[in-house]
J.: 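Please read through the structure below; I'll follow up with questions.
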Amino acid sequence: MRLSRYFLPVLKETPSEAQIVSHRLMLRAGMIKQQAAGIYSWLPLGYRVLRRIEAIVHEEQARAGHIPLLMPTLQPADLWQESGRYDAYGPEMLRIRDRHKRDLLYGPTNEEMITDIFRSHVSSYKDLPLTLYHIQWKFRDEIRPRFGIMRGREFLMKDGYNFDIDKDAALHAYNRHMVSYLRSYERMGLTAIPMRAASGPIGGDNTHEFLVLAQTGESEVFYDDRVTGLKLGARDVDYDDRDQVAAVCGEFTSLYARTDETHDEAAFADVPEAHRKVGRGIEVGQIFYFATKYSEPMGAVVVNDKGERVPVHMGSHGIGVSRLLGAIIEASHDDRGIIWPEGVTPFHAGIVNLRQGDAATDAACEGLYGALKARGLEPLYDDTSERAGAKFATQDLIGLPWRVTVGPRGLAAGKVELTSRRTGESEEMSPEAAVARLAEIYDGV
RNA sequence: CGGGCUGUGGCGCAGUCUGGUUAGCGCGUCCGUCUGGGGGACGGAAGGUCGUGAGUUCGAAUCUCGCCAGCCCGACCA
């Protein structure tokens, strides 16, 4: 993309409504625009990151064998009356009435609807296990939205639902989700710690929340800090192997890590003092096993191998896709702007032309731009006539992890400069070498 | 929803207390010249129903009342 033809309304000053860093930076970097309290438009740069995060979630769900579909944002009220949650949910649920005076709601989650889909089409244990998920906009009419996209009323969420014949199978689904989530967060450059949590309005006993440590987090967290060093890395997990998946989950959940909702001082005291940490965290996902809480009242039953009709065991599993942008920025920024991890960056690298209009510099930039695209990378070429300082400031603000700086001075020696946004380190090299290096960096991402 | 606060060009603000010609400033935008490796300089220009409605007054951004929107703290939540 050429910056001169893009839509990137960056701001030099911070709009007064924004308090926390992710909100300020998202506004300044021209990623979002508020349309009402807790409701945002996604401007091109923000939309790119949102789509990147979504893509990672889709890829990792596919790897775990989970199947995507898409349910509507508006749901009929009667489904929720069946489960009893229409009254239980309270004013946080946005209720709508159509022209025929039928009661609808803007879905805050989809357990009822997915259960309805399931019971309509599945009747035999032979069709299990089944895990369906979608990534769709949700609405929760928060009393007080805040922190920009982190605590909006409208938000994009991945929510998945597993249907299994018994508790053991459902717990395997639970574990599969935990591993696929850990892998998703790692690919986004985040360390998200699974913590034992409280179940809230979804219900169920078995539940973990995934927390990204950040000063601005909404939850107080208590943990053994050795948990932050755990990584899945490149290891290959066979999602069909119950024991292997369970072992990975055991590794990530055996150290003490809890939110204030489930915190146990006595158990926490057993953590060696040097590792005992109290901090704050941003919730970026939660998984639940809730047995037959919805299948029983809603009649989601299958015939088992003995010919008996039994309610299916279910769980649900969510990742806050739009919220993750805020969490990533909270975890990865400096005083000049955002620092995107390679996995979610809106563009792979910026090309900064220091002397727009100079024939040799322009030609070198065009060459780099074409060569990077030919390697399958998406560069953002700053071909505007801004001065160097302004271009650098914009690059730093929008946080592309790599910058190729091209100016007549370096070009005289056949060199461009490749700079890491994260470390600030620069290296001079030929344009060809810069392209090769970037291709190598993104090869494993 | 309780408490606190704010609405003035695209953004950040002053002016309001103490009412008075054409409502200012910085940034940004546009044009020109000089510049050119970390938000450059100079010259010129465009852009405002002062959130909104009613009232007080000779006169309202400024005073009064209502309404709307937004922000912060709390309770609530992913």
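Here is how names work: the chains are called A, B, and so on, in the same order as the sequence lines, proteins then strands, and each is numbered from 1.
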J.: Given B/C77, B/C27, B/G12, which nucleotide is nearest the side-chain atoms of A/Lys12?
T.: B/C27
J.: Is A/Arg387 side chain donor-acceptor paired with the B/G39 base, going by distance under 3.5 Å alone?
T.: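 Counting by modelled atom types and ignoring angles, no donor-acceptor contact under 3.5 Å is found here.
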J.: Would you mind reading off the distance between A/Phe155 atom CZ and B/C77 atom C1', rounded to a whole angstrom?
T.: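 In whole Å, B/C77 C1' and A/Phe155 CZ are 10 Å from each other.
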J.: Do any side-chain nitrogens or oxygens of A/Ser16 fall under 4.0 Å of OP1 or OP2 in B/U6?
T.: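 Answer is no, no contact under 4.0 Å.
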J.: Does the B/G36 base have a donor-acceptor partner in the side chain of A/Asp358 within less than 3.5 Å?
T.: no
J.: Is the shortest distance from a Lys or Arg side-chain nitrogen in A/Asp383 or A/Arg5 to a carboxylate oxygen in the other one below 4.0 Å?
T.: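 Here A/Asp383 does not pair with A/Arg5 in a salt bridge, since their nearest N and O are not under 4.0 Å apart.
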J.: Assign each of A/Ile143 and A/Arg323 to its nearest nucleotide of RNA chain B by heavy atoms, then name whichever residue's nucleotide is nearer the 5' end.
T.: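 Mapping each residue to its closest nucleotide by heavy atoms, the 5'-most match is A/Ile143.
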J.: With a 4.0 Å cut-off on heavy atoms, is A/Gly38 in touch with a base, just the backbone sugar-phosphate, or nothing at all?
T.: nothing
J.: If you assign each of A/Glu154 and A/Thr394 to its closest nucleotide in RNA chain B, which residue comes earlier from the 5' end?
T.: A/Thr394
J.: Is there a donor and acceptor pair, one atom on the side chain of A/Glu386 and one on the base of B/G39, closer than 3.5 Å?
T.: no
J.: Looking at the base of B/C77, is there any donor atom on it, or on the side chain of A/Arg140, that sits under 3.5 Å from an acceptor on the other one?
T.: no
J.: Counting only side-chain heavy atoms from C-beta out, which of B/G37, B/C1, B/A78 sits nearest to A/Glu417?
T.: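 When the side chain of A/Glu417 is considered, B/G37 is the closest of B/G37, B/C1, B/A78.
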J.: Among B/A78, B/C76, B/G38, which nucleotide has an atom closest to any side-chain atom of A/Glu92?
T.: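 That would be B/C76.
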J.: Ring centroids only, cut at 6.0 angstrom: are A/Tyr6 and A/Phe347 within range, meaning strictly under it?
T.: yes
J.: Taking the side chain of A/Phe392 as heavy atoms from C-beta outward, which of B/G39, B/G37, B/C72 is closest to it?
T.: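 In terms of side-chain proximity for A/Phe392, the closest of B/G39, B/G37, B/C72 is B/G37.
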J.: Compare the minimum distances between each of B/G70, B/C77, B/G36 and the side chain of A/Gln34, then state the nucleotide with the smallest one.
T.: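 Closest nucleotide to the A/Gln34 side chain: B/G70.
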J.: More than 12 non-hydrogen atoms from neighbouring residues, nucleotides or ligands closer than 6.0 Å to NZ on A/Lys167, yes or no?
T.: no
J.: Do the side chains of A/Arg153 and A/Glu142 get close enough for a salt bridge, i.e. N-O under 4.0 angstrom?
T.: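 No, no charged N to carboxylate O under 4.0 Å.
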J.: Partner lookup for B/U64, please. Criteria are Watson-Crick or G-U wobble with both distances under 3.5 angstrom; report none if nothing qualifies.
T.: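 Base partner found: B/A54.
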J.: Assess whether one donor atom and one acceptor atom, taken from the side chain of A/Arg28 and the base of B/G39, lie less than 3.5 Å apart.
T.: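 Indeed there is one.
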J.: Out of B/C11, B/G40, B/G70, which nucleotide sits closest to the side chain of A/Glu13?
T.: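 Selected nucleotide (nearest to the side chain): B/C11.
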J.: Can you tell me how far P of B/A78 sits from CZ of A/Arg146, to the nearest Å?
T.: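 So the CZ-P distance, A/Arg146 to B/A78, works out to 13 Å.
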J.: Once you round it to whole Å, what is the distance between C1' of B/A75 and CG of A/Asp260?
T.: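 Interatomic distance, CG of A/Asp260 to C1' of B/A75: 14 Å.
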J.: My understanding is that a pair needs two contacts under 3.5 Å, Watson-Crick or G-U wobble. By that rule, which nucleotide pairs with B/G26?
T.: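 B/C11 is the nucleotide pairing with B/G26.
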J.: Kindly indicate whether a cation-pi arrangement holds for A/Arg95 with A/Tyr86, taking the cut-offs as under 6.0 Å to the six-membered ring centre and within 45° of the axis.
T.: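 So A/Arg95 does make the cation-pi contact.
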J.: State which of B/G39, B/A78, B/G37 makes the closest approach to the side chain of A/Ala390.
T.: B/G39
J.: Test of understanding: with side chain to side chain donor-acceptor pair (under 3.5 Å), list the residues that count as partners of A/Gln19, not counting sequence neighbours.
T.: none
J.: How long is the line joining CZ of A/Arg144 and C1' of B/C72, in whole Å?
T.: 6 Å
J.: By nearest atom, which of the nucleotides B/G70, B/G39, B/U35 is closest to the A/Ala37 side chain?
T.: B/G70
J.: Consider the side chain of A/Arg409, meaning its heavy atoms from C-beta on, and name the nucleotide among B/C72, B/G37, B/C77 that approaches it most closely.
T.: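 It is B/G37.
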